[in-house]
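Data first, discussion second: the structure below is written as structure tokens.
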Amino acid sequence: MTKTNKRKASTSVSRNRPEKKAKRNRRQEQDADNDNDESLNLHRLGPAPASTSSLVQRLPSTRTSDAIQSMKTVWVNKQRVLIFSSRGISYLARHVMKNLRSLMAHAKSEPKAELRKNFSVLNEIAELRNCNKVMFFDMKKKRDLYLWIAAVPDGPTVKFLVENLHTMEGLKLTGNCLRGSRPLLSFDKKFDEEPHWKLIKELFTQVFGTPKSHPKSQPFIDHVLTFTIIDNKIWLRNYQIVEENGSLAEIGPRFVLNLHCIFEKSFSGMLIYENPTYVAPNLKRHIAKAEASEKYRQRVQQKLSYEQKKPKESFPYDKTDEIFQTPAPPSENDDDDDDDDDSE
């Protein structure tokens with residue numbers, strides 16, 4: 001670059017510097033004016049200063065019932081239910097378990113556990129999953145399904161025998177509910193009569209009731225879970241609220257819980273209650289086989305008694321009586337018949 005070009009560039013730079021300073025000063029003055037402008041301070045909340053304009057409004061101390069509430073609420077009741085099963089359960093029990101997970105927004109899943117008799121491992125699994133309630137499905141002999149409901153880690157634990165299983169898909173029902181909606185829990189009056197039913201009612205309330213403002217739940221209620229005690233068993237049904245007048249339509253799943261026993265702690269502890277009317281499935285099958293064999297035994301005994309009472313001869317018979325038997329004399333009608341034959 002020549003000397004003349006260097007001089008021209010230096011002179012142009014020296015001329016642009018005052019222009020940049022002037023622009024910067026004008027920008028600073030404009031920002032100051034904007035800060036002093038009261039009409040731009042509409043985002044301020046709380047008590048307004050005396051110099052503010054009439055556009056600034058204070059927050060009302062009270063609100064009407066028609067006002068729209070904010071969706072941001074606090075999740076206080078942090079109930080989490082772990083629903084899983086042991087290995088070897090039937091397809092029907094597996095589908096019922098999946099239906100319960102879909103209905104309960106606060107439920108968590110876990111792979112199948114292989115257990116024999118040590119159920120205390122379930123407490124460790126629940127702690128790892130950060131759950132304080134457990135619903136564990138256990139099947140014996142590939143035909144008897146048991147349901148364990150426990151409060152971790154202090155207890156209690158309730159053991160049920162599950163009967164008459166029906167899933168949402170198996171039943172041809174017209175009802176339907178949205179995923180994540182909160183249910184209404186309806187309990188029979190018999191739950192308030194005896195202490196063990198009161199304990200089960202409180203446990204069911206904590207397990208099946210979706211906590212308010214749960215992140216995965218919806219802010220509305222569209223189905224009802226009913227618990228009814230019939231024949232000393234708990235009948236669970238799920239209904240959809242179809243209309244505002246209270247008409248219902250059954251959704252499913254549906255099953256019957258036969259109470260077996262209650263333990264003091266979580267999957268351990270002392271036995272505090274045992275159902276006196278409970279009959280084990282093995283004993284039921286043994287009684288059914290005994291009744292069937294009793295019918296066969298009675299039939300065999302009747303046959304033997306008949307053979308013993310049966311006489312050897314139906315009536316007394318003497319062969320010598322044949323000697324005194326003579327042919328009957330011919331009658332007159334017989335002679336007439338012979339004459340007719342000859343004439344022909």
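All figures in this text were calculated on a predicted structure; none of them were measured in a lab.
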> Which pairs with one or both residues in residues 83-113 pass ring pair (Phe, Tyr, Trp, His ring centres under 6.0 Å), sequence neighbours excluded?
Replying inline: F84-F136

> What is the distance from atom CZ of R237 to atom OG1 of T228, rounded to the nearest 0.5 Å?
Replying inline: 8.0 Å

> Quick one: side chain to side chain donor-acceptor pair (under 3.5 Å) pairs with a partner in residues 258-270, sequence neighbours left out?
Replying inline: N123-S266

> Heavy-atom distance under 4.5 Å between the side chains of S90 and K142, does that happen here?
Replying inline: no

> Does D222 come within less than 4.0 Å of R182, counting only side-chain N to carboxylate O?
Replying inline: no

> Can K78 and N132 be counted as having a side-chain donor-acceptor contact under 3.5 angstrom?
Replying inline: no

> Under a 4.5 Å cut-off applied to non-hydrogen side-chain atoms, are L161 and L259 in contact?
Replying inline: no

> NZ of K140 to OG of S86: how many Å apart, nearest 0.5 Å?
Replying inline: 7.0 Å

> Side chains of K198 and E194: does their closest heavy-atom pair fall under 4.5 Å?
Replying inline: no

>> Nearest 0.5 Å, please: how far is NZ in K303 from CZ in R299?
In response: 10.0 Å

> Roughly how far, to the nearest 0.5 Å, is CG of N238 from OG1 of T226?
Replying inline: 8.0 Å

>> Taking L248 as the starting point, is it possible to reach V242 by hopping between hydrophobic residues whose side chains are less than 4.5 Å apart?
In response: no

> What residue pairs, at least two apart or across chains, pass ring pair (Phe, Tyr, Trp, His ring centres under 6.0 Å) with a residue in residues 219-251?
Replying inline: F187-F227, F204-F227, F208-F227

>> Checking the side chain of R129 only, and the main-chain atoms of S109 only, is there a donor and an acceptor separated by less than 3.5 Å?
In response: yes

>> Any carboxylate oxygen within less than 4.0 angstrom of a Lys/Arg side-chain nitrogen, looking at E193 and K190?
In response: no

>> Can you see whether N176 engages Q240 through a side-chain donor-acceptor pair at a distance of less than 3.5 angstrom?
In response: no

> What is the distance from atom OG of S213 to atom CG of N77, rounded to the nearest 0.5 Å?
Replying inline: 10.0 Å

> Do you know which two heavy atoms are closest between S186 and V224, and how far apart they sit?
Replying inline: CB-CG1, 4.1 Å

> Backbone N or O of K233 within a donor-acceptor pair of the D231 side chain at under 3.5 Å?
Replying inline: no

> Between V207 and M104, is any pair of side-chain heavy atoms under 4.5 Å apart?
Replying inline: yes

>> Measuring from atom CD of Q218 to atom OG1 of T210, what distance do you get when rounded to the nearest 0.5 angstrom?
In response: 11.0 Å

